Structure formats: C-alpha cells, structure tokens
Peer 1: 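First the structure, then my questions, so here it is.
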Amino acid sequence: MNKPKILLTRRWPEAAEVRLKELFDVCLNLDDQPLSTGQLQEALGQYDAVLPTVTDAFTAEVFNAEPLRTKILANFGVGYNHIDLEAAKARGITVTNTPDVLTDCTADIAFGLLLAVARRIGEGERIVRAGQWKGWRPNQMLGSKVTGKTLGIIGFGRIGQAMAKRAHFGFDMPVIYYTPHPPSPALCAQFGASPRDSIEAVLQEADFVSLHCPGSKANRHLINAERLALMKPSAYLINTARGDVVESEALVQALKNQTIAGAGLDVYEGEPNLHPDFLELNNAVLVPHFGSATTETRIAMAMRVIDNLIAFFNGEEPGDKVI
Ligand code: DGY
C-alpha cells in the first residue's frame, strides 16, 4: 500500500523529520516560509495530511479548496485558533493538536517574562550592551519585588496551573484566578489558588496578571482599555496566550501613560508585525512567540503530531483529536 502523502508546512527539528519520513511520503517546505492562502488550498488538494503551525491561517476561504484530498490537519501546537474548525468539520477534515508536552516550557517563559519586566532585565541588558552602565548605586534601576506578590491568572487550564505552581512553590505568591471551567478545589488547593468570580475581580486585586486563556473569537480583545483601567498602576500584564486576547492600542496607551507598570509579551496581534509603539516602550519586555521553543519540547510536539497521524491512518481515533 502507498504511504500517505504528508505536507509539513514548516521545518521541524531534524530527529522528528527523520521519523516522519520513515513512516510517510513527506514533502518539506524547504524555504521554511509561511504558505499563502493559494498554497494552503493547493495543499488541501494534493496531500492526505497537512501538518500546519500557528503561521498557517486555515480560514473558511482556504477550506473552500477544490479538489479536496486532505483528511487530517495534524497541527504542530496546542492552540488552534488559526484553523476555522466549523469549516474544517463541514469538509469532513479531522483536526488534532499537541497538548501537555509544551505546558512547562510555556509556563517557564510566562514566569520569565514576569521576572524580566518586574526586575527590568531587558532594560538593564540594553544599558550594559550600549556601554551606558556607570556602576552600582542605591537608586539604580529599581524594579518591583516579585516574592509574596499576588499573581492573577486568567484561564486556569494546564499552562495556567503550571504558572500557579511556579508562583506558589518558588515565589510564595498568593494565586487568584478566573476561569469559566473551574478545576476541582483539590487541584487548586495544591497551588494555594483561590477563584474569583470575574476577570474584573482578578484585574483589580492582582499585582501580576498572566493570561492563559485560548485564542478564539470570543476571547478577542478580552483585555481592552476598560479592563486595563481596572489594574493597579503598580501591576504588570503577562501574555503568552494569543496576541489578539489583548487590544494592542489599549495596552500601548496603558504602558505609555503608566496606568499599569509594565507588560511582558510573547505574542502579538498581527504578529510578527506588532504595534510599532511597543518597540519604544521601556516598560514592555518583548520576545518572539517562543514559549514552547526548547529542543526537547519541539521534538515532543512533533512526536505527538506523528502519534496522532499513525492512529488516524490506522483507522483509530487520534489521542489529541480536536474535531
Ligand atoms: C502553541 O502551541 O499554541 C504555540 O503557541 C505555537 O503555536
């Protein structure tokens, strides 16, 4: 029997590409550039499976492709807001993702951003590299203490809980959270985390607010000017979820006017073309959507995609089936 034809839309770590090639008839995107709408449509006509990432916008328009050969989109990533699930379902296409394996690394980056913005690490590094450091002094670059401060988490799934664990065990931080789907009280008790009944309540009380909700139409601009105005002037916002969960213009204004103290951002509306004013703001720490970017995790994500494909082509239900 012929091996299923697979398109990898971006390059993967070598070990994972090798395993994929042993199992399937694989086409690589050698340039590693994001594919256009037209190229994604062509792919749906030519391959049994397409393995996309967050940079591939599988819109309703893309799913209008004719002819249609693809039976599964096995996404390399946990978030799937770049895939129009209704349109995929209407064309009979299965969608899978890669949960669990990136939880710790994403929480690490969220906590790293929290420390970096509170302790002005990005700013400090820029000063040293620019040769502008004139030596130690008591008032040099005072930031905010982290230990003991209250962490507010919006979205308390796997990554939100991993963030809570770091804050509770590592930094003695009281943790509060809002989530529409609360986990069991026993689980929350492990991290000393207590629920609040609204996003507003978390924003008003927290010294650090970390976003861990999924990207979706419903969560677009969840954090807008009105909600940013509820945060303390001494509070910081951390976003490792999806860029459009935060209204960029509103955040830029809050940072410029110092109605909040700072922000640590891994994701951006319209990335990689972020709002240009972020670049001018010293109270923002900016990193390039690399929450899951460790060798171990990226290989684990790829292996998870491969396991989903093996199950699917064996006629079984993939472990990480979204639809
Ligand atoms: C994820 O896994 O969702 C990362 O943000 C990359 O897509």
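This structure is a prediction, so every number in the text was calculated from the model and none was measured. In listed order, ligands and their atoms are each counted from 1. Hydrogens, waters and symmetry mates are skipped; everything else that's a heavy atom, side chains included, is used. Residue indices begin at 1 and follow the sequence shown.
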Peer 1: What protein heavy atom is closest to atom 4 (C) of ligand 1, reported as residue, atom name and distance in Å?
Peer 2: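 It is His289 NE2, 3.7 Å.
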Peer 1: What class does the angle between the rings of Phe63 and Phe58 fall in, given that below 30° is parallel, 30 to 60° is tilted and above 60° is perpendicular?
Peer 2: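 Ring orientation, 0 to 90° scale: tilted.
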Peer 1: Looking at Arg19 and Asp307, does any basic side-chain N land under 4.0 Å from a carboxylate oxygen?
Peer 2: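 Answer for the salt bridge query: yes.
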Peer 1: Counting only heavy atoms, which portion of Leu102 has something under 4.0 Å from ligand 1: side chain, backbone, both, or neither?
Peer 2: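 Only the side chain of Leu102 comes within reach of ligand 1.
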Peer 1: Check this for me: Tyr80, atom OH, are more than 12 non-hydrogen atoms of other residues, nucleotides or ligands nearer than 6.0 Å?
Peer 2: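 It does not: Tyr80 OH has 12 such atoms or fewer within range.
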Peer 1: When you look at CD of Glu14, are more than 12 heavy atoms from neighbouring residues, nucleotides or ligands closer to it than 6.0 Å?
Peer 2: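 For Glu14, atom CD is not crowded (no more than 12 foreign heavy atoms under 6.0 Å).
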Peer 1: With atoms numbered from 1 as shown, which atoms in ligand 1 lie under 4.0 angstrom from a non-hydrogen atom of Gly77?
Peer 2: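 Close to Gly77: 1 (C), 2 (O).
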Peer 1: Against ligand 1, does Arg242 come closer than 4.0 Å with any heavy atom?
Peer 2: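 For ligand 1, residue contact (heavy atoms, under 4.0 Å) with Arg242 is present.
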Peer 1: Cationic tip of Lys165 within the cone over Phe191's six-membered ring, i.e. under 6.0 Å and within 45° of the normal?
Peer 2: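 Relative to the ring axis of Phe191, which defines the angle, Lys165 lies outside at least one limit.
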Peer 1: Considering only NZ, NE, NH1 and NH2 on the basic side and carboxylate oxygens on the acidic side, decide whether Glu66 and Arg91 come within less than 4.0 Å.
Peer 2: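 The answer is yes: the pair qualifies as a salt bridge.
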Peer 1: May I ask you to list the atoms of ligand 1 that are less than 4.0 angstrom from any heavy atom of Gly79?
Peer 2: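 Answer for ligand 1: 1 (C), 2 (O), 3 (O).
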Peer 1: Looking only at N/O atoms, are Met301 and ligand 1 under 3.5 Å apart anywhere?
Peer 2: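 N/O-N/O distance under 3.5 Å: no.
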Peer 1: Considering non-hydrogen atoms of the protein only, which is the closest contact for atom 2 (O) of ligand 1, and what is the distance?
Peer 2: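 Of the protein heavy atoms, Val78 N, 2.7 Å lies nearest.
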